[in-house]
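Note sheet for the following structure.
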Amino acid sequence: MPKKYQTPLLDELEKGPFPSFVTEIKKAAAKNDMAADELGLLEKSYKTKRGYWKHGGIVGVRGYGGGVIGRYSSLAEEFPNVANFHTVRINSTSAFFYTSKFLNEMCDIWDKYGSGLTNLHGSTGDLVLLGTNTENLEPIFAEFSSRGWDLGGSGSAMRTPSCCVGPARCEWSNIDTLEINYAVTQEFQDEMHRPAFPYKFKFKTAGCAVDCIASIARADCSIIGTWKGKISVDQKEVAAYAKNGMNITEEIVNMCPSQCMSYDGKELKIDDANCVRCMHCIAKMTKALKGTGEKGATILIGSKAPFVIGATLSHVIVPFMKMEAPYDELKDLVRKMWEWWDEHGKNRERIGELIIRRGMREFLEFIGIDPIPQHVKEPRRDPFYFWTEADLQKK
Amino acid sequence: MPKKYQTPLLDELEKGPFPSFVTEIKKAAAKNDMAADELGLLEKSYKTKRGYWKHGGIVGVRGYGGGVIGRYSSLAEEFPNVANFHTVRINSTSAFFYTSKFLNEMCDIWDKYGSGLTNLHGSTGDLVLLGTNTENLEPIFAEFSSRGWDLGGSGSAMRTPSCCVGPARCEWSNIDTLEINYAVTQEFQDEMHRPAFPYKFKFKTAGCAVDCIASIARADCSIIGTWKGKISVDQKEVAAYAKNGMNITEEIVNMCPSQCMSYDGKELKIDDANCVRCMHCIAKMTKALKGTGEKGATILIGSKAPFVIGATLSHVIVPFMKMEAPYDELKDLVRKMWEWWDEHGKNRERIGELIIRRGMREFLEFIGIDPIPQHVKEPRRDPFYFWTEADLQKK
Amino acid sequence: MALPQRRTDIGPPHYKDFLPPVIQKNYGDWKYHEILNPGVMVHVSNKGEKIWTVRVASPRLLSTDTIREHAALAEKYCGGYIRYTTRHNVEFLVSDEKNIEPLLKDLKDKKYMVGGIGPRISNIVHTQGWVHCHSAACDASGLVKALMDEFADYFTTKSLPNKVRLAVACCTNMCGAVHCSDIALVGIHRKIPIVETDKIKNMCEVPSTIAACPTGAISPDPANKAVKIKEEKCMYCGNCFSVCPALPIADPVNDGVAIVVGGKVGSLRSDPKFSKLAIPYVPNNPPRWPEVTSAVKTILEAYIAGARKHERVGEWVERIGWESFFKATKLPFTFQHIDDFTIARETYRNSAAFKW
Amino acid sequence: MALPQRRTDIGPPHYKDFLPPVIQKNYGDWKYHEILNPGVMVHVSNKGEKIWTVRVASPRLLSTDTIREHAALAEKYCGGYIRYTTRHNVEFLVSDEKNIEPLLKDLKDKKYMVGGIGPRISNIVHTQGWVHCHSAACDASGLVKALMDEFADYFTTKSLPNKVRLAVACCTNMCGAVHCSDIALVGIHRKIPIVETDKIKNMCEVPSTIAACPTGAISPDPANKAVKIKEEKCMYCGNCFSVCPALPIADPVNDGVAIVVGGKVGSLRSDPKFSKLAIPYVPNNPPRWPEVTSAVKTILEAYIAGARKHERVGEWVERIGWESFFKATKLPFTFQHIDDFTIARETYRNSAAFKW
Ligand code: SRM
Ligand code: SRM
Ligand code: SRM
Ligand code: SRM
Ligand code: SF4
Ligand code: SF4
Ligand code: SF4
Ligand code: SF4
Ligand code: SF4
Ligand code: SF4
Ligand code: SF4
Ligand code: SF4
């Protein structure tokens, strides 16, 4: 029988309509020593208003440099079952589809070797097994990998890529987000499991500019689907939206960022040449509008959290890339980028920070991309810029 | 008889409808040795595509540290009359009003002691006497100062302030730009004539947000008139504009940046609480609209040219200051700002650069101004900020 | 008991093995969707086939018991197929219309919270907090629970001008999309780290500790093979502690939560935006952080009152101006709001046009 | 001949002494104005009194002969009153309506160029150039003359969507409002300064020379009491030459003109804006810089074709997007256009929404 802790503070968080993480921990704690101590420790944090976790040492499975987050408690004596309490990152499936069969198997393994606590999912997108002891790591890995599952990334490595639900269940996807995600994961297994980069590298793939995977905010490489043709308009459906109470002028036409739509109460017209493909009109009138023509993706680079120079968003590098299996163009581009980053990146410097530090020109030249206005929101303001000898020769 | 140069290249610039500076130089050159050599030298520059002026040494008039820009030619032997060819900056009148009497007197003095060439005006706003020898500086100063005129600023000093025509001939001015300009000039004579700042300091005063003196782009202290009440609407005049062909919806209502106007074909309405006082509607419908209520100025600080960290625009420090003679509030504020700048500014560091380097908080605290949202376009994005002990005590 | 044979570098299984048959058949061929109610939507393919999605809130931190329950429900109503969303909700993928009502009833009986689809508050993207991270300045799960209880109606029934994306990160590493969320919380410190001089030489690498500091506050202390921190340059970000455990920064008295607003990631209507600081500090008050929930409520209500249909929080604020945001919410504006970090100058008000 | 008694620190005369009587009487009491034609406007006061302004182009560089002519005309038609504008035009201030036609006729006979009022091209704010400055990378007056000849019609007759403010600066010190003009030219270098090592110790202060460099390209050369320039870090701004004459940078072959566009200073409709780089380099081709005038013409014509009424150049460009600007003008986009200076990251395209 696991130890039972009094948790008056946490108990407060079992009240209310939203499902309670405390209830979850308690469920596990009822039969699992680690989960029980996790509960006790957490109650203590709630009382003292501070955490009791220490930096992780390097723990992991044989042959891999990542996939496990080492974690030790500073109250090992008081809570011995979480003295070491490491997280195992299982590489999730594309778009987080599962079968009941797999989930049950996963639970069996995890109940046996771990705390019985998980995150579905971590915010990078791993299936996170939350807390186990060092000695259980190899068994867990053997159980999962023998069933066809592998660890995700951690450390200065490629991280588990993730994507939106895309073509699996969304009418707007311009690319096969699930397959791209899978292909990238498989292609770069070595880069995932054996950290050799200056810092972490994340991929996220969204089927369109709605970006339901938040790729533009938190991926070193954001792949966002788009199209090159017109937006087809089904005027009958337009009329239906109007009839159902949509104020098309206010809700659609006036909100179009490029002001390229017009509506006279009857016909909705789009000046496609000036459309920036922002997705607003399509999202709000899904039955009436659709992007058509050639499909592909915009590749953006460099978003990340604030350290060290402030948060960044990804920025356009390739405005349009055809996305067809086996995605060689993408893979080659990525390898080129990594080559440059490996060469110049300082320890703990993300690729986006490196681009800011050394300038877009060096980066673009290295990866072999010509400058285009789409690379910038606006050209530079101050007339301070470099000329190479080659530039000077040009007429 | 001054020397006559062949100027085939410059002669090309006497053709065409716009008045020619070459013709001006030639007019002076016909009777003035300095102007003649200036012409010859300039032709040479046009031929060789480079200038021949050297850095100025320190020249000036007794007791003053500024007001004269020293200039020496590197071709002193070829063009001896411009071997030294200094510019004298005469402090112009507010809004550049003159009488024929003064202009004629000025020309007499300048023909006698200088090149006969001028700039009306320099881009800071001085009446620029363009080119004379070192020995003429004292006489020129005596002639002008005895007639009630003084030198303008140069070097690390307060520069000649300037202002828009304002109340003298513009219906939109909210403040007495000419009087403010005059008062500031008189108040800080010492700071103008005896450079003691880290670098230059410029004032420009505009009667409204139209900013016909470009103060927001090129003044360390920009004073811009505004109002606190409603915009009065003369509906009869609105109707007249409509009748005369103005598309009020497109030209006015849709272009209002805060979208606080409406027009139903009859009545133009303004939601004054949401008006940002941008001046667009007033400027385009001057007969119909007028800012009313309390008048005063917004004080903005810090614009300058690109060196060293890139060009800056002035930014709001005091959103509203009553502007009544003797302008003590303004003068006190300026003295406070200078005190801080004097203390912390590096050599050749403008006040705006210093604010960027040391942060707004220190600046605002020193000058005694509380933080307000109007100080920023948007609050900071990254959650990295300082807390003083006093901040921590606050509840 | 012998362990099975381990394999390496195999990556995850192919997703095809986990897609319901109707999705396999209509993959990439969806035509439109309809939101039937806050918890149910249907996607219709060009072939006319349909898949219904029933969305359920999840605390994300799940016990195996609960996951087994998800699996059982999926088996009963969805042919065993289930997915989790990018915001950690559960989606039951129903191929047979008949199963929807029974599923909903079952969910209701089991006290699941159904909703989150459409212009609502969906689940809160968040992080580990005191549950598992050494770096946390606050908990994450507790804040999420407190907020979602408060705003449950906006998940299950009520609608908003547009989606409102909430996020919580327990420290400025920001393991979430806090920096681009409509309203988000981030744990912060307000005192400089304690320099455990004696431990540094064994535990830390001095150059990388120095490089970790965004403000250059750290300098070497060669005599002790340690580092020094210049107090007036430190803004308590804790990044030095991330690389050097001998610089602990957690402080029960001064740690707390900052609230940022107005971010977004989609490119619809307006470019993706960073969140901006709304409230620099709210105290850590577990278990329910009442000051935090009430502040978020204030902001949310101002948004509801002020925004036009389809406007996200950031779009609303940019339309009315930040001065109006502070007026509408009655939040105090402090020195902390004024940027003094890397791009500070770009945030100054370079215009004579603003509201009183 | 004895000099008169000098006085110091008296400042300029009071402006009141220079205001025409009608202005003195109606000072601050103007009601509205009307633009009667491109060169004449009338201001009407609340008392119903009027002042007519006749505006005349000026090359700004004026000989005393010409100023005397201005004075004479002012005496004849304006009671001796005259002013110069903030953009260096001449304004004849006419109090008596009868004098307008004769004045205009006289101006015409004397070949003055009347105009510049309203949505037009007014005079070009500019600087010294080869006429007087040691720092110039091009001339200023010559460029102004060439441009204003080309665009004379837009001063005297034709109208534009709104005012188009042109400016010229002969080096990156930018003694004008180049950084906030609709279309502006700035002289630039493209080769690093020559380091005259021997002269530095006598002519220059090493620390301030090092501090002058925006990119940190300069380092001390203690052996020679001089400085060194790191070639790959220098972007030829010439600021080191401003403080150290022993670092000459002027180069007849590589110097030239950059063209920037889209700036403004007023707060009408949109916030004041910086000008942005349109063309990184056009060669110095005196006396008439045909490549420069033709490039400016291209930009101006694209603006005329594309802008809505009242839109300034920058407002037009921001509405259509910079990618459309480069398309509309057919100007090449180069590496020089991409910012790599202090705020570079803020200019990157952080959005999936743009035009092809
Ligand atoms: C588990 C997870 C939070 C969660 O509860 O979901 C997490 C947890 C940690 N993150 Fe993270 N990060 C997690 C997603 C993120 C994200 C979001 C994302 O990937 O979409 C970010 C922001 C995006 C980005 O990459 O910038 C993120 C930005 C960071 C950073 C800052 C990196 C930077 O360049 O600024 C650190 C600091 C570091 O790397 O030392 C960090 C470091 C950490 C560490 C390893 C703390 C540390 O320094 O040792 C945390 C371990 C917590 C623990 O004990 O379990 N984590 N981290 C997420 C990973 C789960 C997964 O694999 O699915
Ligand atoms: C004459 C004038 C240009 C003109 O043709 O109109 C001028 C001419 C010079 N300026 Fe200027 N500046 C002139 C207005 C400006 C302006 C515009 C303004 O004041 O509105 C600016 C931009 C605004 C600003 O202050 O930033 C300006 C920004 C500079 C700078 C850059 C300062 C900076 O902080 O970045 C320098 C460099 C310096 O100070 O060493 C400079 C330096 C110079 C020097 C003194 C060159 C030097 O380093 O020795 C030039 C002397 C030229 C000569 O030989 O005659 N000048 N200078 C203008 C002054 C006339 C007058 O007094 O009315
Ligand atoms: C005379 C002068 C003031 C002075 O003290 O000398 C002046 C005078 C007037 N300006 Fe101005 N502006 C003068 C420089 C400016 C400047 C500053 C500059 O160019 O460096 C600006 C700011 C430009 C900018 O934003 O970059 C300026 C932007 C305006 C505007 C705003 C245009 C817009 O919509 O963006 C107006 C309003 C309008 O035209 O509707 C205006 C309107 C006016 C009015 C109508 C004001 C009035 O009611 O009397 C005056 C006659 C207009 C005209 O010339 O079309 N004035 N005006 C300056 C004339 C310079 C010249 O010779 O052409
Ligand atoms: C299930 C999910 C994808 C997934 O792979 O898991 C998803 C699914 C859909 N999203 Fe999303 N979005 C999902 C995360 C996102 C995110 C990412 C995030 O929140 O981190 C965003 C970006 C938010 C942002 O910009 O900050 C996002 C912004 C949208 C929008 C844009 C809203 C707007 O106007 O700004 C739409 C369009 C709409 O609602 O009109 C949309 C529309 C949709 C549609 C209608 C797409 C479709 O045709 O199937 C889906 C159902 C909508 C709904 O839930 O209201 N989805 N959606 C994600 C659900 C998370 C959840 O559990 O609630
Ligand atoms: S990002 Fe686009 S394609 Fe992907 S789920 Fe969202 S709306 Fe659909
Ligand atoms: S996708 Fe966006 S830009 Fe294009 S027409 Fe629709 S709303 Fe306008
Ligand atoms: S700035 Fe305003 S007050 Fe001054 S002249 Fe221009 S429009 Fe008139
Ligand atoms: S002054 Fe500007 S903001 Fe105010 S109503 Fe007029 S156009 Fe709108
Ligand atoms: S945000 Fe900070 S405290 Fe929270 S999980 Fe990430 S690293 Fe840990
Ligand atoms: S807490 Fe942050 S600012 Fe302070 S010393 Fe550490 S890294 Fe530097
Ligand atoms: S812009 Fe440069 S070259 Fe021209 S006058 Fe100013 S300092 Fe001299
Ligand atoms: S020209 Fe400019 S960038 Fe080059 S060394 Fe001199 S100051 Fe530095």
Side-chain angles (χ1 to χ4, degrees), chain A residues 9 12-13 16-19 21 24 27-28 45-46 49-51 53 55 91 93-94 96-100 103-104 107 111 116 118-120 123 139 142 145-146 148 150 167-169 171 178 185-186 189 209-211 213-214 216-217 255 257 278-280 286-287 305 307-311 313, chain C residues 3-13 15 18-19 23 27-28 30-32 43 57 59-65 67-68 71 74-75 80 82-84 86 130 134 136 141-142 145 148-149 152 174-177 179-180 214 239 245 250 252 265-269 272 284 286-287 341-342:
Chain A
L9 291 170
E12 286 298 312
L13 289 170
F18 189 73
F21 72 103
E24 295 300 312
K27 280 191 198 171
S45 284
Y46 268 66
K49 304 190 190 182
R50 52 158 300 185
W53 298 107
H55 280 65
N91 197 332
T93 49
S94 283
F96 315 119
F97 281 94
Y98 296 103
T99 55
S100 49
L103 290 180
N104 285 325
C107 291
D111 278 341
T118 71
N119 287 148
L120 258 63
S123 65
S145 68
S146 63
D150 205 338
R169 202 210 46 204
E171 65 269 33
L178 290 81
T185 314
Q186 292 295 346
Q189 281 292 303
V210 170
D211 200 1
I213 188 73
I216 213 167
M255 284 187 154
C278 82
M279 286 297 299
H280 172 69
T286 182
K287 292 185 181 172
F307 287 115
V308 179
I309 57 165
L313 289 160
Chain C
L3 284 173
Q5 181 58 44
R6 80 207 288 274
R7 296 198 284 163
T8 60
D9 298 300
I10 57 170
Y15 56 89
F18 300 85
L19 301 178
I23 288 192
Y27 193 86
W30 300 104
K31 192 172 176 198
Y32 67 87
H43 283 75
R60 189 183 82 131
L61 198 174
L62 297 174
S63 64
T64 46
D65 287 4
I67 297 173
R68 285 198 179 86
E75 233 154 67
I82 186 169
R83 77 177 288 263
Y84 296 83
T86 63
W130 295 328
H134 68 283
S141 311
K145 168 74 174 142
M148 287 305 289
D149 280 346
M174 286 200 187
C175 303
H179 59 299
C180 296
N239 204 33
V265 300
S267 293
L268 302 87
R269 295 172 306 282
N284 262 336
F341 196 48
T342 35

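Just so it is clear: chains get the letters A, B, ... in the order the sequence lines come, proteins before strands, and each one is counted from 1.
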For this session: Using non-hydrogen atoms and a 4.5 Å limit, figure out which bit of C/Y84 sits close to chain A: side chain, backbone, both or neither.
Result: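 Looking at C/Y84, backbone and side chain both touch chain A.
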Highest number of heavy-atom pairs under 4.5 Å with chain C: which of [options]?
{"options": "A/K49, A/M255, A/K27", "result": "A/K49"}
{"options": "A/L9, A/T99, A/N104, A/I213", "result": "A/T99"}
{"options": "A/G310, A/P17, A/A214, A/P139", "result": "A/P17"}
{"options": "A/T93, A/N91, A/T118", "result": "A/T118"}

Exercise. Can you name the closest pair of heavy atoms from A/A168 and C/W30 and give their distance?
Worked result: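 Minimum heavy-atom contact is O-NE1, 2.9 Å.
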Please identify, among [options], the residue contributing the most non-hydrogen atom pairs under 4.5 Å to chain A.
{"options": "C/P12, C/G266, C/P252, C/P286", "answer": "C/P12"}
{"options": "C/T86, C/L268, C/I82, C/I23", "answer": "C/L268"}
{"options": "C/P245, C/A74, C/A136", "answer": "C/P245"}
{"options": "C/D9, C/I67, C/T8", "answer": "C/D9"}
{"options": "C/C180, C/S141, C/A57", "answer": "C/S141"}
{"options": "C/T342, C/D65, C/L62, C/N284", "answer": "C/L62"}

Just verifying a value: how many Å separate [X] [atom1] and [Y] [atom2], rounded to the nearest 0.5 Å?
{"X": "A/I216", "Y": "A/D211", "atom1": "CD1", "atom2": "CG", "answer": "6.0 Å"}
{"X": "C/R68", "Y": "A/L103", "atom1": "CZ", "atom2": "CG", "answer": "10.5 Å"}
{"X": "A/E24", "Y": "C/R60", "atom1": "CD", "atom2": "CZ", "answer": "13.0 Å"}
{"X": "A/L178", "Y": "C/L19", "atom1": "CG", "atom2": "CG", "answer": "6.5 Å"}

Exercise. What orientation do A/F21 and A/Y46 show, parallel under 30°, tilted 30 to 60°, or perpendicular over 60°?
Worked result: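 Correct class here is tilted.
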Exercise. After noting the C-alpha distance and the side-chain angles of C/K145 and C/M148, does the key distance pass the side chain to side chain contact (heavy atoms under 4.5 Å, CB included) rule?
Worked result: CA-CA 5 Å; C/K145 168 74 174 142; C/M148 287 305 289; over 6 Å; no
So for [X], is it side chain, backbone, both, or neither that comes closer than 4.5 Å to the heavy atoms of chain C?
{"X": "A/E12", "value": "both"}
{"X": "A/L313", "value": "both"}
{"X": "A/S94", "value": "both"}

Exercise. With a 4.5 Å heavy-atom cut-off, do A/I309 and C/P214 have their side chains touching?
Worked result: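 Sidechains of C/P214 and A/I309: no contact.
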Exercise. Relative to A/F97, does C/R83 satisfy both conditions: NZ or CZ under 6.0 angstrom from the six-membered ring centre, and within 45 degrees of the ring's axis?
Worked result: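 Satisfied, under 6.0 Å and within 45°.
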